[in-house]
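Contents: one structure, followed by commentary.
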Amino acid sequence: MSLEKDEAMAVIQHETTIAEAADRLSKELPGHRVEILQGRLIVTPPADGPHSETLTWLIEAFAAAGARKAGIKYLQAIGIRLPTGDDAAIPDLSVVDADYRDAHLVSNYYAPHVFRMVVEVTSSNWADDLGPKVDCYAQAGIPVYLIADRRHDEVILYTDPREGEYRSRKPFKRGMSVPLPESIGIALDLPVDRLLDGDED
């Protein structure tokens with residue numbers, strides 16, 4: 001067999017994995033969020049201004065509640081390596097243990113056990129936030145999953161993950177506040193209107 005044929009066979013035998021494809025897309029599409037959910041590659045473009053306002057307001061609310069003194073950090077866009085295959089998610093906001101860096105796995109991904117809560121503010125990928133991510137975060141044992149569902153004008157709080165699913169799902173409507181579970185480590189009530197609309201003060 002000639003060298004050219006050997007090289008051709010090597011190219012044919014090397015198939016790009018979904019994790020490799022995700023890594024390549026992350027480099028080629030700066031500002032986009034690239035995730036793998038249930039074996040599917042998901043690419044989400046940058047969100048709008050109110051989406052960012054909600055996240056900024058949440059960070060300020062956690063700071064005012066003394067999260068850092070309680071041994072909690074709150075971070076945007078760090079990845080969770082999920083327990084199913086190559087699956088990995090990048091929540092809008094994560095509440096993590098202060099020593100989360102010890103759980104670093106690869107690239108921007110960390111082991112799920114250091115995550116106390118994840119937050120998603122829906123945008124163009126709203127169906128993934130309300131569907132596959134609920135399953136993925138429950139399977140990873142993330143204690144609290146909060147969704148500011150701008151598509152349906154409500155906030156949903158998932159808690160108590162057991163055997164791969166959340167046992168508690170509580171929807172909150174406008175005019176209400178969402179009391180965060182004590183397991184997070186701080187006492188904090190989040191107004192639904194602020195979560196849905198961003199900071200309009």
Side-chain angles (χ1 to χ4, degrees), residues 31 33 35 37 42 44-78 80 89-98 112 114-201:
R33 182 167 48 170
E35 301 171 291
L37 302 175
I42 309 295
T44 306
D48 58 23
H51 182 284
S52 296
E53 286 182 7
T54 293
L55 298 180
T56 299
W57 171 74
L58 274 171
I59 288 170
E60 292 170 351
F62 276 105
R68 287 191 180 272
K69 290 182 180 178
I72 300 168
K73 291 194 175 180
Y74 33 93
L75 308 167
Q76 294 186 60
I78 67 166
I80 303 174
I90 305 174
D92 287 324
L93 184 74
S94 298
V95 178
V96 297
D97 296 339
V114 297
F115 289 80
R116 298 185 184 194
M117 179 173 86
V118 295
V119 178
E120 299 284 7
V121 179
T122 61
S123 52
S124 59
N125 65 335
W126 63 270
D128 291 316
D129 293 338
L130 298 175
K133 284 192 176 181
V134 176
D135 297 331
C136 289
Y137 291 151
Q139 290 163 6
I142 306 299
V144 180
Y145 176 28
L146 180 72
I147 309 171
D149 181 6
R150 300 188 300 169
R151 175 81 176 191
H152 301 98
D153 211 35
E154 66 178 358
V155 173
I156 305 169
L157 181 68
Y158 287 95
T159 58
D160 193 16
R162 283 186 281 165
E163 298 178 2
E165 63 182 37
Y166 284 110
R167 299 303 176 96
S168 175
R169 178 190 184 278
K170 295 180 181 177
F172 295 84
K173 302 296 183 184
R174 286 188 177 275
M176 302 173 70
S177 288
V178 182
L180 295 185
E182 293 181 3
S183 62
I184 291 174
I186 55 172
L188 189 58
D189 286 352
L190 302 174
V192 168
D193 289 35
R194 273 279 183 87
L195 289 168
L196 294 174
D197 298 333
D199 187 357
E200 293 191 329
D201 288 352

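Summarising the geometry of Ile186 relative to Ala67, their closest heavy-atom pair is CG2-CA, 3.9 Å, with the distance given to 0.1 Å. The two residues Ala70 and Gly185 come nearest to each other via the heavy atoms CB-O, 3.8 Å. Closest heavy-atom contact between Pro91 and Ile78: CD-O, 3.3 Å. Ser177 and Pro191 make their closest contact through OG-CA, 3.7 Å (heavy atoms, listed as atom of the first residue, atom of the second, distance). Counting all heavy atoms, side chain and backbone alike, Ala138 lies closest to Gly164 at CB-O, 3.7 Å. Nearest heavy atoms, Pro143 versus Pro161: O-CD, 3.7 Å.
Checked by atom type and distance alone, the side chain of Asp193 never pairs as donor or acceptor with a backbone atom of Arg174 at under 3.5 Å. Within the 3.5 Å criterion, the main-chain N or O of Ile142 finds a donor-acceptor partner in the side chain of Tyr166. Using a distance-only test at 3.5 Å, with no hydrogens or angles considered, a donor-acceptor pair links the side chain of Asp92 to the main chain of Val121. Side chain of Asn125 to main chain of Asp128: no donor-acceptor pair is present (N/O by atom type, distance under 3.5 Å, no hydrogens or angles). Proximity of a side-chain donor or acceptor of Thr54 to a complementary backbone N or O of Leu195 within less than 3.5 Å is detected.
Side-chain contact between Lys173 and Val192 is absent, with no heavy-atom pair separated by less than 4.5 Å. Between Met117 and Tyr74 there is no side-chain heavy-atom pair separated by less than 4.5 Å. With contacts defined as side-chain heavy-atom distances shorter than 4.5 Å, the pair Arg116/Asp97 qualifies.
Paired with Tyr158 under the rule side chain to side chain donor-acceptor pair (under 3.5 Å), one option of Arg167, Arg169, Glu165 passes, and it is Arg169. Each of Asp189, Ile156, Leu157, Leu188 was checked for a side chain to side chain contact (heavy atoms under 4.5 Å, CB included) with Val178, and the lone residue meeting it is Leu157.
Residue Leu146 holds its CG atom at 8.5 Å from CZ of Phe172, rounded to the nearest 0.5 Å. Distance check, rounded to the nearest 0.5 Å: CD1 of Ile147 to OG1 of Thr122 gives 8.5 Å. Between Ile42 atom CD1 and Ile90 atom CD1 the span is 12.0 Å, to the nearest 0.5 Å.
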Output a table of donor-acceptor pairs, distance under 3.5 Å, between side-chain atoms of residues 56-65 and any protein atom two or more places apart or on a different chain; print 'none' if there are none.
| from | atom 1 | to | atom 2 | distance (Å) |
| --- | --- | --- | --- | --- |
| Thr56 | OG1 | Ser52 | O | 3.0 |

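Between Arg150 and Asp129 there is no salt bridge, since no side-chain N of the basic residue sits under 4.0 Å from a carboxylate O of the acidic one.
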